[in-house]
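A note on names: the letters A, B, ... follow the listed sequences, proteins ahead of strands, and every chain is numbered from 1.
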Protein chains: 2
Amino acid sequence: MAQRAAGTLLANFGRSLAFEEKPNLDEVSCVTHLLVRKLQNFIALSEDEQQAILSLPAGSKRLRGRQMIADDKSLKGAICLIEEGFACRHRTLPDGRRQILSFLVPGDLSDLRVFILGRTDSAVSTLSDVSVSVITPEHLLALTERYPRITRALWWSTLVEESITQEWLVNIGQRSALERMAHLLCELYVRLSAVAQVDVYTFDLPITQSELADTLGLSSVHVNRTLQELRRRELIVFRDHVMELKDVAELKKIAMFSPGYLHLRSVPSFDPAQKATPQTGGR
Amino acid sequence: MAQRAAGTLLANFGRSLAFEEKPNLDEVSCVTHLLVRKLQNFIALSEDEQQAILSLPAGSKRLRGRQMIADDKSLKGAICLIEEGFACRHRTLPDGRRQILSFLVPGDLSDLRVFILGRTDSAVSTLSDVSVSVITPEHLLALTERYPRITRALWWSTLVEESITQEWLVNIGQRSALERMAHLLCELYVRLSAVAQVDVYTFDLPITQSELADTLGLSSVHVNRTLQELRRRELIVFRDHVMELKDVAELKKIAMFSPGYLHLRSVPSFDPAQKATPQTGGR
DNA sequence: TCGACGGATTAACCTATGTTGTTCCCCCTT
DNA sequence: AAGGGGGAACAACATAGGTTAATCCGTCGA
């Protein structure tokens with residue numbers, strides 16, 4: 001079902017981890033580093049605190065596309081840090097209607113909710129092939145008990161997620177289809193830039209039009225119409241699950257996008273003239 | 001602008017605090033008790049921890065309806081615990097469209113976001129006249145630094161709020177107008193029951209149809225149509241800002257409502273035959 | 001190689017919801 | 001008593017977006 005997604009995911013961006021390699025220590029610390037970087041958006045972590053996170057025992061694990069993460073026995077109760085690929089949280093009504101609640105991109109944690117709430121309200125599924133670092137709740141618990149500032153930083157990260165969910169509510173509740181789509185693209189542009197997954201306004205978007213529909217509260221037919229309209233206006237090029245934004249400034253304007261709600265320290269350029277070279281970090 | 005709302009709010013439910021009385025110590029501890037009760041949905045707090053919360057220095061304060069809480073100078077940066085009345089969080093687009101993101105009912109905290117995120121993405125406004133306990137960030141900080149389990153409980157409460165926001169996303173994204181309205185009513189029924197604000201399927205709903213519209217992502221005209229339809233089906237009686245649910249079971253069915261996402265320990269009856277007598281707590 | 005299948009695209013048609021504008025009513029102010 | 005304003009209710013009309021269905025295309029299993 002997701003073979004194409006996998007293909008295109010790998011085809012692009014040389015900086016991706018090769019999917020076939022065995023995980024090794026470098027890789028692992030490389031990835032929990034994503035978490036450190038993210039939390040540093042909130043507070044500067046001490047050397048000690050950074051070490052504590054970097055040395056979290058986190059096994060790496062690969063998952064195929066369109067698969068419920070919770071289905072995987074070895075992930076029971078575990079917290080997954082996305083290294084590579086797209087996942088999403090979603091809820092389904094008894095009659096089958098489904099709403100995607102958030103996208104998980106590299107650097108995001110799959111579910112602190114389970115960790116704190118004790119159970120989960122929403123399923124987490126992969127969209128593309130995904131590789132994750134698996135952190136056990138025990139280790140996370142130990143970490144938070146020992147380092148209150150890390151607890152606070154994790155709390156912060158869940159609040160940022162809520163801020164994004166709220167913006168999606170504004171999006172679906174108030175914006176038209178075209179505005180919604182433009183807004184989602186701007187958001188992805190900014191979030192993926194922050195984790196070095198954007199190259200010259202271009203990023204992998206390994207999802208289906210009907211998944212976009214479930215995200216935006218539209219029908220898949222209308223998602224198609226909307227994408228056509230964006231193409232007609234020469235704002236995007238979207239082929240083989242690769243999205244290129246031809247005019248971010250215009251998209252931003254249409255969407256009335258303002259990135260504050262993402263709570264990132266630095267935001268990539270929306271200037272149509274120059275190339276997108278946001279944060280210099282990266283692997 | 002909000003005189004009517006204020007009037008009706010006071011007209012009903014003898015158990016309300018008299019609005020004119022000066023706050024006294026009993027009242028204050030009575031109210032922070034709401035917070036203890038709420039957090040106990042998550043973990044049993046020790047005697048010590050309960051005391052710490054109950055003895056938080058919290059001045060009481062009254063606010064008129066339709067007023068931004070942040071506008072009040074004396075509340076700058078403070079955390080407000082709602083004692084009485086309705087408030088909401090909302091965001092507004094540059095062109096004036098507005099989305100209400102959540103309702104704050106007695107027992108809810110106005111904004112842990114400011115406390116953790118350092119700034120706020122969304123405004124908080126009163127809907128009716130409201131009385132709040134004002135907690136300073138310094139005191140809250142001291143509390144969380146001293147009692148990690150309280151920190152965790154507060155974290156939990158923000159995650160519950162996110163769970164509700166997510167359900168609203170499902171609501172707006174997937175449900176029809178009638179379903180949305182029914183769902184909102186079920187949610188309010190359960191949440192208000194948990195804080196003893198419901199009497200025989202009847203509760204104060206001191207908000208305007210156009211505020212309902214901004215909540216549900218509908219136009220106010222269509223909110224009106226939808227309410228008429230619910231009346232026609234004899235599911236609700238709604239007059240003078242008092243909502244009576246004539247058939248919760250049917251509303252629940254229409255809405256495909258399932259209260260798990262609210263994370264409450266006990267949920268009031270949806271049985272049409274019996275009266276609603278949920279948690280026995282109360283003032 | 002063939003058939004099946006899922007996704008993208010498009011057309012035709014339909015309806016839920018939005019828009020505009022009017023009336024009524026209540027409450028408040030003067 | 002008169003006037004003003006906001007909210008509720010309702011009618012008439014407009015449209016964004018949903019539904020159904022057909023075609024096309026690439027991939028994959030048999």
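Overall, the helix from C/dT1-D/dA30 to C/dT30-D/dA1 carries an axis bend of 40° between its ends, with five pairs at each end and the value rounded to 10°.
Among pairs with a residue in residues 161-183 of chain B, those fulfilling ring pair (Phe, Tyr, Trp, His ring centres under 6.0 Å) read B/F103-B/W168, B/H183-B/F257, B/H183-B/Y261, at least two apart in sequence or across chains. Pairs of residues two or more places apart, or lying in two chains, never qualify as ring pair (Phe, Tyr, Trp, His ring centres under 6.0 Å) while including a residue from residues 209-232 of chain B.
When the C1' atom of D/dG17 is taken as reference, atom CD1 of B/I172 falls 16 Å away, rounded to whole Å. B/L227 has its CG atom 15 Å from the P atom of D/dG7, to the nearest Å. For B/Q228 and D/dA11, the CD to C1' distance is 13 Å, given to the nearest whole Å. For A/E229 and C/dT9, the CD to P distance is 14 Å, given to the nearest whole Å. Counting to the nearest Å, the P atom of C/dT10 and the CZ atom of A/R232 are 13 Å from each other. The CD-C1' distance, from B/E211 to D/dA8, rounds to 14 Å in whole Å.
Residue A/R239 is classed as having no contact, given no heavy-atom separation below 4.0 Å to the nucleic acid.
Taking B/D214 as the reference, B/R98, B/I100 meet the side-chain contact (heavy atoms from CB on, under 4.5 Å) condition, with sequence neighbours excluded. Annotation: salt bridge (charged side-chain N to carboxylate O under 4.0 Å, His left out) contacts of A/E162 (sequence neighbours excluded): B/R113. In this structure B/D108 satisfies the salt bridge (charged side-chain N to carboxylate O under 4.0 Å, His left out) test together with B/K38, B/R191, sequence neighbours excluded. With sequence neighbours excluded, the residues satisfying side-chain contact (heavy atoms from CB on, under 4.5 Å) with B/V221 are B/S219, B/R225. Residues satisfying the salt bridge (charged side-chain N to carboxylate O under 4.0 Å, His left out) criterion with A/R239, sequence neighbours excluded, are absent altogether.
Between A/N224 and C/dT9 there is a side-chain N or O to OP1 or OP2 distance below 4.0 Å.
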**Request:** Spell out protein contact along nucleotides 12-19 of chain C as letters: B when the base is contacted, S when just the sugar-phosphate is, - when no protein heavy atom is under 4.0 Å; keep the 5' to 3' order.
**Result:** B----BBB
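A salt bridge links A/R97 to B/E179: at least one charged side-chain nitrogen sits closer than 4.0 Å to a carboxylate oxygen.
A/I172 approaches B/I172 most closely through the heavy-atom pair CG2-CG2, 3.6 Å.
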